[in-house]
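Nothing here was measured: the structure is a model prediction, and the numbers come from that model.
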Amino acid sequence: MNFFNIISEIEKVDPEFQDRVSPRRAAIKNITSFGSKVAVAALPFAVSVLFKKAYGQTATVGVNDVLNYALKLEYLEAAFYNQGVAATALNIPAADKAYLTTAQGHENQHVAFLQGILGSAAVKPAASYDFTAKGTFPTVFTNYDTFLAVAQALEDTGVRAYKGQAPNLLGNQTVLSAALAIHSVEARHASAVRQIRRSRGVNIKPWISGSASMANDTGISAVDGNYAGENNVMQGGLDVTKLPAVSGTTSITAAIESFDEPLTMAQVVALVAPFGVS
């Protein structure tokens, strides 16, 4: 069994294979460096474990499961903007309301689109949502800054959620293309909300930033979980901070800001559960 030839052949049909198994790349190196008969005998088992880790989620999550998962998140976001834009107590400035109304329209269109694809297989929205997230944000519809903070967390999470499901849609290019089209719009929503918060004095950038010890840059500790892993600097098996930059090597801030990270379905489901999504 030529292990390196196997990996090479897989990479021809799946360029992301190394990303799937990283950081287990070191494990591959260690496995193949063994010269003993014991190591060779163990190789088939090691390969089996490796492939299960690389493709395990792909094999168990169907396209409709992914679409209904996305639909649940879009129901949540649409309901959030529908209620927020209509909340007179928020006193949304006119200039901001134009952005938020546009985002509201997009989210409702995403709902209609996903319902159209799924047809009778589409899940129903929750009977009601708790946008206070069990009391974490009690003034979400009476304090505009709180509303924007929740919007920020939902949008950034939505972007990471779509990214996390791309591997599960590789077998259906039509649905994958549609999901990526929604994903990029969610990213623009996130950037727009960040810009509004910045205009109101929040020290935040239009994109997610961080440091070696801090992945959540929103200033809201209650949403730390929504930004878990965002300060990763390993991409494609490479440490981005070791790459050359305009001057010297890439800073950790630049490395974090240059790449966005996915969230798994399990992570997202846990994050939106306090809002009444099941």
Side-chain angles (χ1 to χ4, degrees), residues 61-87 90 92 97 99-142 146-166 168-169 172 174-193 222-223 225-227 262-278:
V61 181
V63 170
N64 274 12
D65 293 330
V66 175
L67 292 175
N68 268 320
Y69 160 73
L71 180 56
K72 288 181 181 180
L73 300 181
E74 296 293 353
Y75 279 141
L76 175 69
E77 290 186 310
F80 174 75
Y81 284 112
N82 289 343
Q83 193 168 337
V85 170
L90 286 178
I92 301 175
K97 198 161 190 175
Y99 277 115
L100 298 172
T101 301
T102 298
Q104 174 194 14
H106 292 168
E107 303 298 1
N108 282 283
Q109 289 164 13
H110 293 168
V111 167
F113 173 75
L114 291 168
Q115 287 176 322
I117 291 179
L118 285 160
S120 60
V123 296
K124 303 296 182 185
S128 63
Y129 295 101
D130 176 10
F131 289 109
T132 72
K134 297 185 180 297
T136 303
F137 307 104
T139 60
V140 60
F141 291 129
T142 56
T146 303
F147 173 80
L148 290 174
V150 177
Q152 181 62 77
L154 290 178
E155 294 290 3
D156 280 341
T157 302
V159 173
R160 302 186 68 194
Y162 272 98
K163 187 186 300 295
Q165 292 309 304
N168 291 323
L169 299 177
N172 190 320
T174 300
V175 174
L176 175 61
S177 297
L180 292 176
I182 294 175
H183 166 263
S184 59
V185 171
E186 297 291 350
R188 292 188 175 96
H189 291 172
S191 183
V193 173
V223 297
N226 300 60
Y227 296 86
L263 284 172
T264 67
M265 187 179 291
Q267 284 177 299
V268 174
V269 168
L271 290 169
V272 298
F275 292 96
V277 180
S278 60

* Where do Tyr69 and Gln165 come nearest, in terms of heavy atoms and distance? -> CE2-CG, 3.4 Å

* To do: Nearest 0.5 Å please: distance from the NZ atom of Lys72 over to the CD atom of Glu77.
  => 15.0 Å

Distance-only check: which donor-acceptor pairs under 3.5 Å involve side-chain atoms of residues 268-278, not counting sequence neighbours?
none

* Asked: How far does CD1 of Ile182 sit from CD of Glu107, to the nearest 0.5 angstrom?
  -> 9.0 Å

* Which atoms form the tightest heavy-atom contact between Ala190 and Asp156, and what is the distance? -> CB-OD1, 3.3 Å

* Can you name the closest pair of heavy atoms from Val193 and Ala151 and give their distance? -> CG1-CB, 4.1 Å

* Asked: Can you check whether Tyr129 and Phe80 have ring centres sitting under 6.0 Å from each other?
  -> no

* To do: Measure the spacing between CZ of Phe147 and OG1 of Thr139 and express it to the nearest 0.5 Å.
  => 12.0 Å

* Hey, does Asn168 have a side-chain heavy atom less than 4.5 Å from the side chain of Val63? -> no

* **Chi angles and distances behind the side chain to side chain contact (heavy atoms under 4.5 Å, CB included) call for Thr102, His106** => CA-CA 6 Å; Thr102 298; His106 292 168; 3.5 Å; yes

* Structure fact -> Heavy-atom nearest pair, Gln152 first then Tyr227, reads O-OH, 3.6 Å

* Leu73 CG to Leu154 CG distance, which is reported to the nearest 0.5 Å -> 9.5 Å

* Taking atom types as modelled, find out whether Glu186 and His110 have a side-chain donor-acceptor pair closer than 3.5 angstrom. => yes

* Asked: For Phe113 and Ala178, which heavy atoms make the closest approach, and how far apart are they?
  -> CZ-CB, 3.5 Å

* Plane angle bin for Tyr81 and His189 - parallel if under 30°, tilted between 30 and 60°, otherwise perpendicular -> perpendicular

* Spacing of Asp130 atom CG and Phe137 atom CZ [to the nearest 0.5 Å] -> 11.0 Å

* Structure fact -> Residues Tyr99 and Ala192: closest non-hydrogen pair is CD2-CB, 4.4 Å

* Measure from the side-chain N and O atoms of Asn68 to the backbone N and O of Val123, and report whether any donor-acceptor pair falls under 3.5 Å. => yes

* **Gap separating the CD1 atom of Ile92 from the CG atom of Leu148, nearest 0.5 angstrom** => 8.0 Å

* side chain to side chain donor-acceptor pair (under 3.5 Å) between Asn108 and Asn82: does it pass, once the steps are laid out? -> CA-CA 9 Å; Asn108 282 283; Asn82 289 343; 2.9 Å; yes

* Show your working on side chain to side chain contact (heavy atoms under 4.5 Å, CB included) between Leu90 and Thr142 and close with a plain yes or no. => CA-CA 5 Å; Leu90 286 178; Thr142 56; 5.6 Å; no

